[in-house]
Amino acid sequence: MSYTSTLLRLLDERGYIHQLTDAEGLDALANKQVVPGYIGFDATAPSLHVGSLVQIMLLRRLQQAGHKPVVLMGGGTTRIGDPTGRDESRKMLTDAVIDANIASIRTVFERYLTFGDGPTDAVMVNNHDWLGQLGYIELLQEVGTHFTVNRMLTFDSVRLRLEREQPMTFLEFNYMILQGYDFRHLEKAMGVRLQMGGSDQWGNIVNGIELARRMDGVEVFGVTTPLLTTADGAKMGKSAAGAVWLNEDALPSYDFWQYWRNSDDRDVGKFLRLFTDLPLDEIARLEALEGSEINAAKIVLANEVTRLCRGEEAAKAAESTAAATFAGGGLGEDLPVLALPAEGIGIVDALVGIGFAASRGEAKRLIAGGGAKLDNAPVTNEAHHIQGGIEQRLSSGKKKHGIVRPV
């Protein structure tokens with residue numbers, strides 16, 4: 001359909017919309033008033049990774065369109081664990097760890113959203129504040145009667161686990177009830193009318209919409225984004241070296257920048273629309289570049305995403321380091337560094353220590369395949385010992401470089 005509200009036009013043009021529960025109703029509401037909308041994030045680690053970035057940008061777009069973003073941190077639901085897409089239960093975290101994770105995650109949101117007390121300013125809330133106050137009998141009486149086990153068993157998060165004969169605890173089975181209650185609570189407490197999320201959250205979002213209608217007679221809305229994969233089919237948020245974390249202390253800015261610089265040519269336009277604020281006509285120009293010229297668009301992508309997530313200085317430093325490393329063959333200041341003991345270090349341990357291999361076996365395979373280099377010279381012997389006292393450049397393939405530096 002053709003949208004009339006600034007919000008849905010913006011989301012549609014940039015590729016965020018996969019499913020809408022009531023497109024006409026939400027379009028009309030967004031034209032009439034400020035719409036508070038939320039997305040939930042569980043605090044299972046001190047940092048979110050790139051797989052969550054499309055949801056963070058979705059909240060940013062909501063604010064850019066003149067509406068109010070609500071960041072829901074799952075201080076309560078983290079204590080249970082979302083079974084969606086998982087084959088096993090998450091480990092239980094202490095209250096102190098969850099609170100520390102939330103404080104760390106907030107620092108990233110503060111780069112993307114304007115927080116405050118104004119009508120369109122973002123707010124962060126913690127669902128433990130209300131879920132932690134619910135009495136068990138109260139929950140069963142008020143909320144449980146609106147969920148049937150028959151329907152709950154049809155949701156992918158439950159069905160797939162059971163089909164694989166993998167255990168699901170009763171604790172996890174309750175997750176969808178609590179998530180639905182979150183939406184109902186936020187509508188009553190803050191006037192939240194919209195929940196957004198990834199396509200895997202569709203069932204949970206619909207649960208919340210139905211619960212608000214049944215308990216309060218209120219119409220609320222849901223939007224999901226497409227499942228985001230790279231052109232080669234890989235899931236966003238992972239790289240060969242592991243998760244691409246958003247927080248600086250979890251992943252150096254140079255590595256974050258390089259993740260985007262190494263994007264597949266076919267992904268450049270999509271990523272520019274989703275993860276940057278560049279105008280659409282400029283994005284169209286950049287994604288039309290061909291051959292080696294597309295590398296200029298990838299540098300723009302890396303700079304823009306890094307600037308939003310890590311700041312202007314981090315983006316400039318990462319680009320300068322890349323230029324020094326690839327063009328001039330130098331040792332850029334922002335490269336990962338491994339401390340080199342006076343007695344030296346084995347090449348296998350060096351590759352693992354600097355993060356170019358996840359294990360000694362992986363490092364040995366990298367060496368056997370000709371991918372390990374010291375100062376651009378291939379190292380083919382896994383027993384090679386890097387002598388101490390000399391700063392050298394350690395490389396994995398053509399795109400990953402680091403410094404082995406004397407202590």
Side-chain angles (χ1 to χ4, degrees), residues 1-27 30-31 35 37-41 48-67 69 71 85 108-109 111-113 194-202 205 221-238 244 246 259-290 294 296-309:
M1 65 175 286
S2 178
Y3 302 114
T4 60
S5 66
T6 301
L7 173 62
L8 291 189
R9 285 204 311 269
L10 175 61
L11 298 187
D12 185 44
E13 289 171 349
R14 289 194 170 257
Y16 291 96
I17 296 177
H18 176 58
Q19 293 170 295
L20 285 166
T21 56
D22 178 2
E24 291 185 3
L26 179 57
D27 202 31
N31 272 325
V35 178
Y38 88 98
I39 300 177
F41 302 86
L48 302 174
H49 61 61
V50 163
S52 297
L53 191 54
V54 68
Q55 308 306 328
I56 297 174
M57 289 298 297
L58 192 53
L59 289 170
R60 182 177 175 86
R61 302 301 184 211
L62 184 72
Q63 191 166 52
Q64 288 174 336
H67 301 282
V71 183
V108 168
F109 280 101
R111 290 192 179 275
Y112 286 91
L113 303 172
L194 172 65
Q195 182 182 1
M196 302 176 289
S199 58
D200 61 342
Q201 294 297 316
W202 177 253
I205 291 173
F221 304 90
V223 175
T224 63
T225 56
L227 175 66
L228 190 59
T229 58
T230 58
D232 60 4
K235 190 175 181 180
M236 284 290 292
K238 299 288 185 180
V244 183
L246 301 184
Y259 174 80
W260 300 100
R261 170 61 181 82
N262 293 337
S263 296
D264 189 293
D265 294 359
R266 296 166 290 177
D267 287 327
V268 171
K270 176 173 67 175
F271 288 175
L272 285 168
R273 279 186 286 274
L274 289 173
F275 301 118
T276 81
D277 288 339
L278 288 180
L280 292 174
D281 56 353
E282 174 64 5
I283 293 173
R285 183 190 71 80
L286 288 169
E287 70 176 326
L289 297 174
E290 297 180 349
I294 194 67
K298 293 182 184 182
I299 291 173
V300 172
L301 171 66
N303 284 341
E304 290 297 311
V305 178
T306 305
R307 181 179 59 80
L308 280 175
C309 187

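The first residue in the sequence is number 1, and the count goes up from there.
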ask   = Out of curiosity, Met57 CE to Leu62 CG, how far, rounded to the nearest 0.5 Å?
value = 12.5 Å
remark   = To the nearest 0.5 Å, atom CZ of Arg261 lies from atom CG of Asn303 at 10.5 Å
Any residue meeting ring pair (Phe, Tyr, Trp, His ring centres under 6.0 Å) with Phe271, in chain and number order, not counting sequence neighbours = Trp260, Phe275
task = Mark yes when over 12 heavy atoms from residues, nucleotides or ligands other than Glu24 sit less than 6.0 Å from its CD; otherwise mark no.
result = no
ask   = Which atom pair, heavy atoms only, marks the closest approach of Val35 to Ala30?
value = CG2-CA, 3.8 Å
task = Please identify each residue that fulfils ring pair (Phe, Tyr, Trp, His ring centres under 6.0 Å) with Phe41, with sequence neighbours left out.
result = Phe109
task = Run the numbers on Val108 and Leu48 for side chain to side chain contact (heavy atoms under 4.5 Å, CB included), then give the verdict.
result = CA-CA 9 Å; Val108 168; Leu48 302 174; over 6 Å; no
query = Can any side-chain N or O of Lys298 pair as donor or acceptor with the backbone N or O of Ser263 at less than 3.5 Å?
reply = yes
Ala231: partners by side-chain contact (heavy atoms from CB on, under 4.5 Å), with sequence neighbours left out = Asp264, Arg266, Asp267
task = Find the distance between CG (Leu8) and CG (Leu26) and round it off to the nearest 0.5 Å.
result = 4.5 Å
message = With rounding to the nearest 0.5 angstrom, report the OG1 to CD1 distance, Thr276 to Ile283.
response = 4.5 Å
task = List the steps and the verdict of side chain to side chain contact (heavy atoms under 4.5 Å, CB included) for Leu228 and Lys270.
result = CA-CA 10 Å; Leu228 190 59; Lys270 176 173 67 175; 4.0 Å; yes
task = Please report the shortest heavy-atom distance between Ser199 and Leu227, naming the atom on each side.
result = OG-N, 3.6 Å
ask   = Donor-acceptor pair, Thr21 side chain versus Gly222 backbone, under 3.5 Å?
value = yes
request  = Looking only at non-hydrogen atoms, find the nearest pair between Gly51 and Val54 and report the distance.
outcome  = O-CG1, 4.4 Å
Under the side chain to side chain donor-acceptor pair (under 3.5 Å) test, residues paired with Thr225 that sit two or more places apart = Gln55
query = What heavy-atom pair brings Tyr112 and Val305 nearest, and what distance separates the two atoms?
reply = OH-O, 4.2 Å
ask   = Any side-chain heavy atom of Leu286 within less than 4.5 Å of one from Leu278?
value = yes
ask   = Quick one: does Arg273's side chain get under 4.5 Å of Glu287's, heavy atoms only?
value = yes
query = What closest approach, in Å, do Pro69 and Leu113 show between heavy atoms, and which atom pair accounts for it?
reply = CG-CD2, 4.2 Å
inquiry  = Gln64: which residues meet the side-chain contact (heavy atoms from CB on, under 4.5 Å) condition with it, sequence neighbours left out?
reply    = Leu10, Arg60, Arg61, Asp277
message = Could you work out, with salt bridge (charged side-chain N to carboxylate O under 4.0 Å, His left out) as the rule, every residue matching Arg285, not counting sequence neighbours?
response = Glu282
query = In Å and rounded to the nearest 0.5 Å, what is the CZ to CG distance from Arg14 to Leu280?
reply = 4.5 Å
message = Any non-hydrogen side-chain atom of Val71 less than 4.5 Å from a side-chain atom of Ile39?
response = no
query = Do you know which two heavy atoms are closest between Thr4 and Asp27, and how far apart they sit?
reply = N-OD2, 2.9 Å
task = Can you measure from CD1 (Ile56) to CZ (Arg111) and round to the nearest 0.5 angstrom?
result = 12.5 Å
